[in-house]
There are 2 protein chains.
Amino acid sequence: MNTSDQLDTTFAALADPTRRAILARLASGEASVMELAVPFAMSQPAISKHLKVLERAGLISRGSDAQRRPRRLEAQPLAEANEWLEHYRQFWEASFQRLDDLLVKLKRNETAGKPKQRGRAKPHKQ
Amino acid sequence: MNTSDQLDTTFAALADPTRRAILARLASGEASVMELAVPFAMSQPAISKHLKVLERAGLISRGSDAQRRPRRLEAQPLAEANEWLEHYRQFWEASFQRLDDLLVKLKRNETAGKPKQRGRAKPHKQ
DNA sequence: TTTTAATATAACCATTGGGTTATACAACTA
DNA sequence: TAGTTGTATAACCCAATGGTTATATTAAAA
């Protein structure tokens with residue numbers, strides 16, 4: 001699998017809220033399939049399918065404990081995804097900066113004399 | 001669209017090599033649909049579909065210049081994706097660290113007396 | 001005013017994705 | 001040994017994805 005294929009399967013695996021929740025759960029330690037399934041209104045086979053997607057992407061691995069097959073997080077593909085994203089950091093930081101500039105300007109017009117804003121004006125989540 | 005939906009559509013949009021290549025192209029400036037289509041062995045409507053996916057994810061926007069509808073990069077959703085990934089940084093850095101430790105140990109056994117390795121041992125791309 | 005260029009949309013097709021239920025299998029427990 | 005628990009797999013359904021060709025729309029150029 002080349003880097004591009006790896007990014008395909010990594011991003012595809014991350015494009016599902018159930019799978020992201022599973023990764024979040026595994027961030028606090030390994031867990032069995034049953035344990036992973038509990039929070040979801042979904043059958044056990046559905047969870048097993050999600051786990052297969054995550055495993056094919058290399059985002060989790062499978063252990064063995066009696067009948068259990070505990071999964072644990074394998075974050076390395078996330079490093080590659082992160083590296084890809086990094087190439088675009090300048091672009092989103094530029095847009096944050098434009099937002100800052102705007103907010104500062106508005107603020108100045110509205111309350112001249114008050115202390116200037118400090119730190120970056122983080123935009124609200126949509 | 002809540003944050004989770006936004007991540008869904010962002011990651012899904014990124015899970016395709018054609019769309020990632022389009023974003024890479026747009027990183028060096030806006031471009032028309034035709035210009036974007038050139039590098040790909042794919043019909044114009046196929047490209048238009050990809051552009052629609054990127055636009056729905058908020059990753060590009062559409063300008064207007066005569067018959068042309070030039071697209072430009074809108075990197076803000078990438079900031080959110082990056083923020084999500086950041087939560088897992090500790091995990092991939094831990095695995096890099098384990099790899100470092102291993103390499104250093106191997107190196108020591110193999111060539112005792114030579115200078116120690118500096119910086120992080122970056123794993124090869126697969 | 002007709003033609004050409006750039007883009008969008010419709011209709012279609014094959015494949016994949018995310019879910020289901022039913023069933024198989026492997027490993028503990030009584 | 002029989003039952004129970006944990007997980008995987010098979011077969012199926014429906015919706016979504018990624019491509020196609022053909023056609024519509026819009027604006028410029030001749």
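Just so we're on the same page: letters track the sequence lines, and every chain starts at 1. Nothing here was measured: the structure is a model prediction, and the numbers come from that model.
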Do B:I47 and B:M34 pass the side chain to side chain contact (heavy atoms under 4.5 Å, CB included) test, and can you show the C-alpha distance, the side-chain angles, and the key distance before you say yes or no?
CA-CA 9 Å; B:I47 298 295; B:M34 285 313 212; over 6 Å; no
Looking at every strand, decide which applies to B:A66 at a 4.0 Å heavy-atom threshold: base, sugar-phosphate, or nothing.
sugar-phosphate
Please state how far atom NE2 in B:H50 lies from atom P in C:dA8, giving the value in whole angstrom units.
14 Å
A:I47 atom CD1 is separated from D:dG6 atom P, nearest whole Å, by 15 Å
Can you find a side-chain donor-acceptor pair between A:S64 and A:R69 that sits under 3.5 Å?
yes
Measure CZ/B:R68 against P/C:dA8 and give the value in whole Å, please.
13 Å
How many whole angstroms separate atom CD of A:Q44 from atom P of D:dG6?
10 Å
Check: C:dG19 base within 3.5 Å donor-acceptor of A:K49 side chain:
yes
Apply salt bridge (charged side-chain N to carboxylate O under 4.0 Å, His left out) to residues B:R89 and B:E86 and explain how you reach the verdict.
CA-CA 5 Å; B:R89 172 176 295 278; B:E86 281 302 331; 2.8 Å; yes
Can you tell me which nucleotide in C:dT7, D:dA28, C:dA27 comes closest to the side chain of B:M34?
C:dT7
Give one of base, sugar-phosphate or nothing for B:S32, where a contact means two heavy atoms less than 4.0 Å apart.
sugar-phosphate
For A:D8 and C:dG17, give me the distance from atom CG to atom C1', rounded to whole Å.
15 Å
Closest-nucleotide mapping onto DNA chain C: is A:A41 or A:R69 further toward the 5' terminus? I mean the 5' end.
A:A41
At what distance, to the nearest 0.5 angstrom, does CG of B:L26 lie from CZ of B:R71?
9.0 Å
Length of the line joining B:I60:CD1 and C:dA8:P, which is rounded to integer Å:
9 Å
